[in-house]
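Working notes for the structure below.
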Amino acid sequence: MSTYFDYAATAPLRPRAREAWLEASELGNPASTYASGRRARSCLDTAREMIAEALGCEPIEVIFTASGTEADNIGVLGLWEATGRGRIVASPIEHPAVAKAVAAAATRGATVDYLDVGADGIVTDFTPLETPASVATLMWANNETGAIQPVHEFVAAAGDTPVHVDAVQVVGHHHVDFHALGATTLAASAHKFGGPRGVGILLAKRSPAPKPVIFGGGQERGIRSGTVDVAGAFATAHALAEAVSEIDSEASRLRELRDGLRARLSSIEGVICHTPDAEHALPGHLYLSFPGAASDSLIMLLDAQGIEASAGSACHNGVTRASEVLLAMGVEEAHARASLRITLGRENTAEDVDLLAQALPEVVRRARLAGLA
Ligand code: PLP
């Protein structure tokens, strides 16, 4: 069995979610009006209500999608379409699910203004929001560094500009109240909090509602056509309810493990930490660079010892590229290619952290001998 430190990539399915999935797995099409369809519909309604309750919104504002990526695409491109296809304001550290949706709008005529980001990976300046835009988008927390962004201030500064918030790394790990936030749309993904992979959630205010990006039978308020996966939605609702009930205890447990690990790894020569202080970061994230060691070597050498972690940035044909997020933070390219993202979660223990803290100095030494690719 490997020791897993890649919770930001995906989290193990919660037993409660598996049970809920099995319970709902035989249900049919929730749009059918006969008895079995009504049973499916009732289960889907329950899931929607549970999610609304967990995230501070109305059930009608919960739209099921097939991934966080799809929820982000609808949020960004759908709002852009709905509000006149004008200017977009975005941060330069968005996940590709948002960044590439913004880029797609740019090829269709949008002008894009990017926000500045500080060396700590936190957006610093909202000046582009002074002029109204079609849509503005900022992630709640960054998937690589774990840096929590000032989303409440961002929404306030946006005024009448509709705002999409990518909360994929945050939902289930940090309290989210959609109405208190005041964003227009918000994206989440079930597999990041112990739900099944392949279920996304888009929270969408009644108005302005995003236009669809795929076309079909008009399910989910016409925002996301396609027959909803009732079992997936039900499993997601149960995973979320459990995750939300554990937020405070898990956050302090993980923060303690992560801060202990950070302190132990600080003795490795040259280590650079890209995760901001505990107050400004998700509790389980630790994003480091070991100058002179290639990310790919670090990951392979750890894997050989049964330890699973990631580079943080995109892998292209098996070669890890310099992280765009680190480059946007002003990190030099060679350091951005020497990154290692450790993300702790629900099943990690103090023994796991010991194992990693003991293995890493030698892994870094050997990766440095191999040099940067
Ligand atoms: N947004 C962020 C911040 C993410 O971390 C991810 C996944 O890593 C996504 C969006 C995409 O979510 P999904 O894997 O459900 O498509």
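Because only heavy atoms are used, hydrogens play no part in the values below, and waters and symmetry mates are left out as well, while side chains stay in. Atoms within each ligand, like the ligands themselves, are counted from 1 in listed order. In what follows, residues are counted from 1 in the order of the sequence shown. All values derive from a computational prediction rather than experimental measurement.
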Under 4.0 Å, heavy-atom basis, I'd like to know which part of D72 is in contact with ligand 1: side chain, backbone, both or neither. side chain

Between H191 and ligand 1, find which residue part has any heavy-atom pair under 4.0 Å and reply side chain, backbone, both or neither. side chain

When you look at H173 and W140, which way does the ring pair (Phe, Tyr, Trp, His ring centres under 6.0 Å) test go after all the steps? CA-CA 11 Å; H173 303 282; W140 197 321; over 10 Å; no

Closest protein heavy atom (residue, atom, distance) for [atom]:
atom: atom 4 (C) of ligand 1; value: H95 CD2, 3.2 Å
atom: atom 7 (C) of ligand 1; value: K192 NZ, 2.9 Å
atom: atom 11 (C) of ligand 1; value: T69 OG1, 3.4 Å
atom: atom 13 (P) of ligand 1; value: G68 N, 3.6 Å
atom: atom 1 (N) of ligand 1; value: D166 OD2, 2.7 Å
atom: atom 5 (O) of ligand 1; value: Q169 NE2, 2.7 Å

Would you say [atom1] of [X] has more than 12 non-hydrogen atoms from neighbouring residues, nucleotides or ligands within 6.0 angstrom?
X: R41; atom1: CZ; value: no
X: R366; atom1: CZ; value: no
X: E153; atom1: CD; value: yes

Apply side chain to side chain donor-acceptor pair (under 3.5 Å) to residues T33 and R38 and explain how you reach the verdict. CA-CA 6 Å; T33 51; R38 292 198 301 277; over 6 Å; no

Result of checking T184, T137, T185 against H164 for side-chain hydrogen bond (donor to acceptor under 3.5 Å, both in side chains): T185

In this structure, which one of E61, E53, E220, E58 forms a side-chain hydrogen bond (donor to acceptor under 3.5 Å, both in side chains) with R48? E220

Using only atom types and a distance under 3.5 Å, with no angle test, would you say the side chain of R368 pairs donor to acceptor with the backbone of V363? no

Hey, which atoms in ligand 1 end up nearer than 4.0 Å to a heavy atom of S67? 15 (O), 16 (O)

Does ligand 1 have an atom under 4.0 Å from some heavy atom of R197? no

Are any of the N/O atoms in A8 less than 3.5 Å from those in ligand 1? no

Indicate yes or no: does an N/O atom of S189 lie under 3.5 Å from an N/O atom of ligand 1? yes

